[in-house]
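See structure below.
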Amino acid sequence: MAFNINDVLSDFPILSQRVNDERLAYLDNAATAQRPRQVLAALQDFYIHDNANVHRGVHTLAERATEDYEGARVKVQHFINARSSAEVIFTKGCTDALNLVAASYGEANIQAGDEIVISIMEHHSNLIPWQQLARRKHATLKYIGLTAQGQLDMAAARRQITDRTKIVAVTHASNVLGTVNPLKELAVLAHQHKAVIVGDGAQAVGHMPVDVQDLDVDFYAFSGHKMMGPMGIGVLYGKAALLRAMPPYQYGGEMIGDVHRDDSTWADIPFKFEAGTQNVAGAVGLGAAVDYLQGLGMDNIQARERELVTAVLPRLTALPYVTVYGPQDPRQHTGVLAFNLAHLHPHDVATALDMEGVAIRAGHHCAQPLMEKLGVTATARASFAFYNTREDTDQLIRAIKETKEFFNRGTI
Amino acid sequence: MAFNINDVLSDFPILSQRVNDERLAYLDNAATAQRPRQVLAALQDFYIHDNANVHRGVHTLAERATEDYEGARVKVQHFINARSSAEVIFTKGCTDALNLVAASYGEANIQAGDEIVISIMEHHSNLIPWQQLARRKHATLKYIGLTAQGQLDMAAARRQITDRTKIVAVTHASNVLGTVNPLKELAVLAHQHKAVIVGDGAQAVGHMPVDVQDLDVDFYAFSGHKMMGPMGIGVLYGKAALLRAMPPYQYGGEMIGDVHRDDSTWADIPFKFEAGTQNVAGAVGLGAAVDYLQGLGMDNIQARERELVTAVLPRLTALPYVTVYGPQDPRQHTGVLAFNLAHLHPHDVATALDMEGVAIRAGHHCAQPLMEKLGVTATARASFAFYNTREDTDQLIRAIKETKEFFNRGTI
Amino acid sequence: MGLSKLNGLYREVILDHASHPHNKGKLPTATNTMTLHNPTCGDTINLQVNVADHRIKDIAFTGEGCTISQASASMMTAAVKGKTTTAALAMAKTFSDMAIGQQHSRSDLDQLGDAQVLTSIMEFPARIKCATLAWWALQRALLKDSDEEDDNE
Amino acid sequence: MGLSKLNGLYREVILDHASHPHNKGKLPTATNTMTLHNPTCGDTINLQVNVADHRIKDIAFTGEGCTISQASASMMTAAVKGKTTTAALAMAKTFSDMAIGQQHSRSDLDQLGDAQVLTSIMEFPARIKCATLAWWALQRALLKDSDEEDDNE
Ligand SMILES: Cc1ncc(COP(=O)(O)O)c(C=O)c1O
Ligand SMILES: Cc1ncc(COP(=O)(O)O)c(C=O)c1O
């Protein structure tokens with residue numbers, strides 16, 4: 001571990017609070033991460049010094065705000081290694097970004113009889129937009145299934161992706177199983193069949209190095225709030241040529257070329273896709289998050305999360321009443337762990353763990369088709385970030401054991 | 001004036017800075033307002049104490065975040081006097097909200113031959129979504145013009161709105177002319193013809209009391225950042241029955257009933273329209289802005305802005321080389337003043353004023369059809385908020401005079 | 001605080017209802033049915049009611065969910081069976097009101113039978129929906145137009 | 001700081017070009033044309049170029065905009081008239097590079113003639129686009145495929 005955990009912890013004051021009179025172990029990072037004080041300071045600094053609307057202003061604050069905003073775009077560009085900052089579109093979040101692609105690219109390029117291929121482990125945000133697009137267009141939505149080990153079935157992918165396939169949309173990392181999908185291989189497959197590939201990076205960016213040119217994805221979407229940035233900001237990366245050819249998604253200020261009474265023309269990318277006043281402060285905060293993550297080093301962050309999973313996963317699987325979904329090998333895992341306790345509903349588990357200060361999530365994790373596939377209606381999910389500690393893993397295991405005991409006895 | 005301007009000014013530290021070695025007179029409030037420290041504190045507090053994803057979480061932080069978020073919704077509900085908090089949908093901003101109505105309600109309800117009526121003073125965000133909808137649907141887009149005094153031509157409105165009209169979309173207050181439109185009368189007209197009416201409240205909310213029930217508008221959109229809230233958050237108000245009947249706009253997490261492989265069902269309002277992780281911190285900040293504005297009193301705020309305009313407008317019109325667009329009567333004016341200096345392009349004016357510390361905007365203000373109507377390509381625009389002072393008005397007038405002199409002499 | 005606070009939520013009577021639910025199963029015929037989901041977690045209640053002479057002659061439920069939602073369905077069905085629909089709707093209202101923190105009279109509460117114990121849910125705001133789901137399903141089943149489609153289906 | 005800093009931007013030569021623009025008007029015929037808008041402010045340049053033997057025989061512009069954009073168009077047309085298209089494109093590149101803060105050699109700058117004075121625009125970042133619009137229009141006019149539609153039209 002190349003960074004000092006105590007330094008890191010001092011950047012996240014929210015983590016040092018107590019909940020329900022217990023030490024907080026925040027293990028709900030896949031839902032939303034916490035933000036370091038550097039990101040909060042960037043937000044405040046922007047609002048206290050430079051706040052103005054961007055691009056159209058001639059005055060000093062507007063110019064500063066524009067520099068801040070476009071500077072953040074360049075930071076994101078370098079972080080994911082996009083060719084050009086024009087390929088980085090700021091959105092409200094990952095869901096907004098995926099809807100943009102489905103509505104703009106999908107609406108323009110999908111026809112009756114075409115196929116859209118996604119995986120069974122998709123989050124609803126990378127599933128319903130394609131499902132509804134397919135329904136509107138009388139296209140077919142096809143699913144890539146899982147192997148017995150809870151990984152994407154690449155043999156099935158090779159069968160499912162055909163010359164009728166126009167779009168392949170797959171998550172880079174599962175928000176339930178903790179698996180990392182071979183996006184690069186899928187991109188090759190998709191391109192062999194002249195389809196475009198959309199990567200859902202919500203659970204990948206901020207947890208592992210991501211290089212969109214190396215992955216050769218055509219689109220890639222992610223959220224600021226899951227990578228230590230503010231809420232209300234996200235990114236759609238797209239290859240310039242594709243973005244240029246796409247119609248706008250939303251209409252309004254800042255995205256126009258010329259507006260006449262009966263028709264309008266559009267600005268160049270990225271502005272064509274940024275209608276209305278953008279979340280400038282959010283972009284600035286995201287830029288600060290990128291700086292923070294790069295300061296720690298993405299390799300270090302990934303190693304740290306793997307170390308935590310390596311510590312906790314075997315202890316979890318060793319409990320006879322615990323079922324862990326997804327790969328059992330820590331090396332094939334992000335910090336996301338889904339599990340259930342026998343004869344106990346995950347909601348009851350989550351309430352009990354909360355009493356012990358352990359914040360986990362319970363439910364379908366916006367992945368109902370995956371739940372169906374796994375034969376459950378819901379699971380518990382603990383998800384780790386680089387600022388979690390061995391103490392957090394201990395607290396989780398202890399709380400699970402006590403929960404089991406509590407419900408075994410019926411009452412304490 | 002029922003509030004103490006010095007107390008107010010101490011809430012806005014950004015205003016006490018110097019730019020270009022001059023006292024800052026921030027007169028670009030129509031582009032974006034500044035946020036009081038109470039709003040910034042609310043953002044920080046949220047991120048430092050309660051930050052979590054909302055609704056689906058069982059743990060304590062998630063529950064607190066959900067309370068914060070839904071509490072903000074109720075604050076907004078009361079602020080605009082909506083019947084129910086379910087009628088308050090959080091969006092990315094006003095543009096996002098207007099696009100939502102056009103894409104969801106418009107797509108479902110507009111047919112070939114129908115008419116959509118807007119006004120010639122619409123901001124592009126309340127113009128292009130309807131224009132493009134009309135094009136897609138082979139419907140007709142009709143414009144309500146202006147009177148000689150720069151106000152909405154209600155006689156024309158009565159002619160333009162007919163039984164073929166399905167949607168009337170008009171701004172509550174112009175972002176160029178500073179006029180306030182009789183939205184309530186327009187609502188009566190629209191409803192007589194069984195059309196729905198969409199109000200664009202971007203320049204109204206935060207500047208005057210707004211009561212959506214009294215206005216009887218069917219939809220009403222506005223942005224947080226123009227009413228002292230954070231960027232990246234806005235609101236769509238809609239009557240519950242209309243919202244319930246509308247299809248979703250975006251698809252993803254949190255807005256679903258049930259997701260199956262080939263189809264899905266949707267949650268009830270407002271969640272149906274809030275796909276993906278929302279800008280929870282932004283909503284909390286908006287709630288704090290509402291508290292702040294209500295603390296000052298919306299009547300007081302309106303009176304204060306009118307007082308400033310009453311002080312500055314006659315001085316501006318008295319300058320022989322200045323043309324002011326829109327009503328010349330301060331009582332018919334919001335804090336927004338558009339003007340030009342003879343023989344000078346507004347961009348040159350704005351650069352010169354910036355050197356004098358006066359931040360104004362120059363351009364078409366995202367209202368190109370209005371510019372065309374006014375016979376100009378661009379105007380300068382000074383826009384006042386309640387925290388502006390008499391000193392700001394003096395500084396504006398002085399800077400305009402010096403600018404005129406500078407360009408008269410060719411050089412100083 | 002550890003798990004001791006849980007005792008307030010998972011009382012013995014609740015755990016009993018959850019592990020040995022009353023009225024779980026399907027009625028051969030039903031005059032009123034309603035399927036409701038709690039979309040935030042996936043709890044499902046499928047409720048079947050037989051109403052005759054404005055009275056709930058029989059009632060049963062199927063579905064899946066957490067201890068709270070299952071116990072609540074069991075308690076709810078036990079509490080309303082044999083009651084007039086008016087009385088049952090009044091009970092549903094009492095329960096929903098309690099769950100959002102509104103006060104009711106002692107006699108209203110007593111009407112609820114075992115189910116009143118679940119008003120302890122108020123201390124666990126994230127779980128309120130689990131407890132109210134069954135009562136909502138009852139309201140919707142009794143009030144809905146016979147033509148209305150089941151919700152969320 | 002008041003308006004004194006403006007002297008750096010609105011030099012006499014710039015104000016002269018703006019009030020008495022060179023080459024303003026329409027060519028009777030043109031081999032290359034391009035209309036560009038600055039969407040952030042509405043400045044418009046409509047450029048007409050007559051190219052023969054890889055040389056700019058004639059050039060003219062119409063359009064509306066601020067002092068800077070009009071002066072820049074005037075200076076640009078004056079600077080490139082009679083030059084080879086290769087030389088003109090090199091000048092356009094020098095100007096755009098200067099405007100984003102990149103260095104060029106003295107001799108490159110001298111090539112620009114009057115137009116080099118507008119590189120003072122760098123001190124006014126919000127106005128850079130006003131100054132570069134004419135040069136972009138030139139690049140696009142010379143490079144575009146004859147089939148390509150005018151932009152933003
Ligand atoms: C009248 C009017 N409508 C709509 C908008 C769009 O608001 P936003 O850019 O915050 O989405 C604005 C502001 O730019 C406006 O002034
Ligand atoms: C894999 C995955 N995709 C998409 C999303 C949607 O992200 P957001 O809710 O931030 O829009 C999430 C998170 O909820 C996710 O985990």
Side-chain angles (χ1 to χ4, degrees), chain A residues 13-14 19-20 28 31-32 34-35 40 43-44 47-49 51-53 56-61 92-96 99 123-125 128-129 131-132 143 223 225 230-233 250-253 256 259 261 264 275-277 279-282 347 350-351 354 359 361-363 366 368-369, chain B residues 13-14 19-20 28 31-32 34-35 40 43-44 47-49 51-53 56-61 92-96 99 123-125 128-129 131-132 143 223 225 230-233 250-253 256 259 261 264 275-277 279-282 347 350-351 354 359 361-363 366 368-369:
Chain A
I14 190 171
V19 300
N20 297 319
D28 194 17
T32 197
Q34 300 299 341
R35 299 97 189 73
L40 303 186
L43 284 176
Q44 296 278 319
Y47 279 132
I48 290 180
H49 299 298
N51 178 66
N53 214 324
R56 285 170 193 284
V58 170
H59 61 77
T60 302
L61 292 191
K92 177 171 160 180
C94 185
T95 301
D96 188 28
N99 276 272
H123 186 280
H124 293 163
S125 294
I128 318 182
Q131 178 191 74
Q132 298 297 313
Y143 286 86
S223 279
H225 72 96
M231 286 165 152
I233 188 83
Q250 295 194 321
Y251 307 100
I256 57 119
V259 179
R261 285 182 176 224
S264 309
T277 302
N279 187 353
V280 181
H347 266 198
T351 295
D354 184 44
R361 191 141 292 233
C366 301
Q368 286 189 355
Chain B
I14 191 171
V19 300
N20 298 318
D28 194 17
T32 198
Q34 301 299 342
R35 301 96 190 72
L40 302 187
L43 284 176
Q44 296 278 318
Y47 279 133
I48 290 179
H49 298 299
N51 177 66
N53 213 325
R56 286 171 192 284
V58 169
H59 59 78
T60 301
L61 291 191
K92 176 172 160 179
C94 184
T95 301
D96 188 29
N99 276 274
H123 186 280
H124 292 163
S125 294
I128 317 181
Q131 180 191 73
Q132 297 297 315
Y143 286 86
S223 278
H225 71 98
M231 287 165 151
I233 188 85
Q250 295 194 320
Y251 307 100
I256 57 119
V259 178
R261 284 182 176 223
S264 308
T277 302
N279 187 352
V280 180
H347 266 196
T351 295
D354 185 43
R361 189 140 295 231
C366 302
Q368 286 189 355

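Note that the structure is a prediction, hence the values are computed from the model and not measured. Proteins come first, then strands; the chains are lettered A, B, ... in the order of their sequence lines, and each starts at number 1.
- Remark: the backbone N or O of A:G93 is not paired with any side-chain donor or acceptor of A:S223 at under 3.5 angstrom.
- With A:H59 contributing its side chain and B:A350 its backbone, the two residues share no donor-acceptor pair below 3.5 Å.
- Looking at every heavy atom in both residues, B:C366 comes nearest to A:G253 through SG-CA, 3.7 Å.
- Here A:M231 is the residue among A:M231, A:H49, A:Q34 with the most heavy-atom pairs under 4.5 Å with chain B.
- Shown here for B:R35 and B:P230, the closest heavy-atom pair between the two residues is NE-CA, 4.3 Å.
- Both the backbone and the side chain of A:Q250 have a heavy atom closer than 4.5 Å to some heavy atom of chain B.
- In this structure, no portion of B:I233 lies under 4.5 Å from any heavy atom of chain A.
- Interface residue B:L61: only side-chain heavy atoms are found under 4.5 Å from chain A.
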Could you give me the CA-CA distance, side-chain angles and deciding distance for B:R361 and A:N53, then say whether side chain to side chain contact (heavy atoms under 4.5 Å, CB included) is met? CA-CA 10 Å; B:R361 189 140 295 231; A:N53 214 324; 4.0 Å; yes
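- For B:S264, the parts sitting under 4.5 Å from any heavy atom of chain A are the backbone and the side chain alike.
- Contact annotation for B:N99: only side-chain heavy atoms (C-beta onward) come within less than 4.5 Å of a heavy atom of chain A.
- The most heavy-atom pairs under 4.5 Å with chain A, out of B:A52, B:G282, B:C94, come from B:A52.
- Counting heavy-atom pairs closer than 4.5 Å to chain B, the top-ranked of the candidates A:V280, A:T95, A:N51, A:D96 is A:N51.
- The contact between B:Y47 and chain A is made by backbone and side chain atoms together, counting heavy-atom distances below 4.5 Å.
- Looking only at distances, no side-chain donor or acceptor of B:N279 sits under 3.5 Å from a matching main-chain atom of A:K92.
- Across B:Q131 and A:R261, no two heavy atoms sit closer than the pair NE2-O, 3.0 Å.
- Both the backbone and the side chain of A:T351 come within less than 4.5 Å of a heavy atom of chain B.
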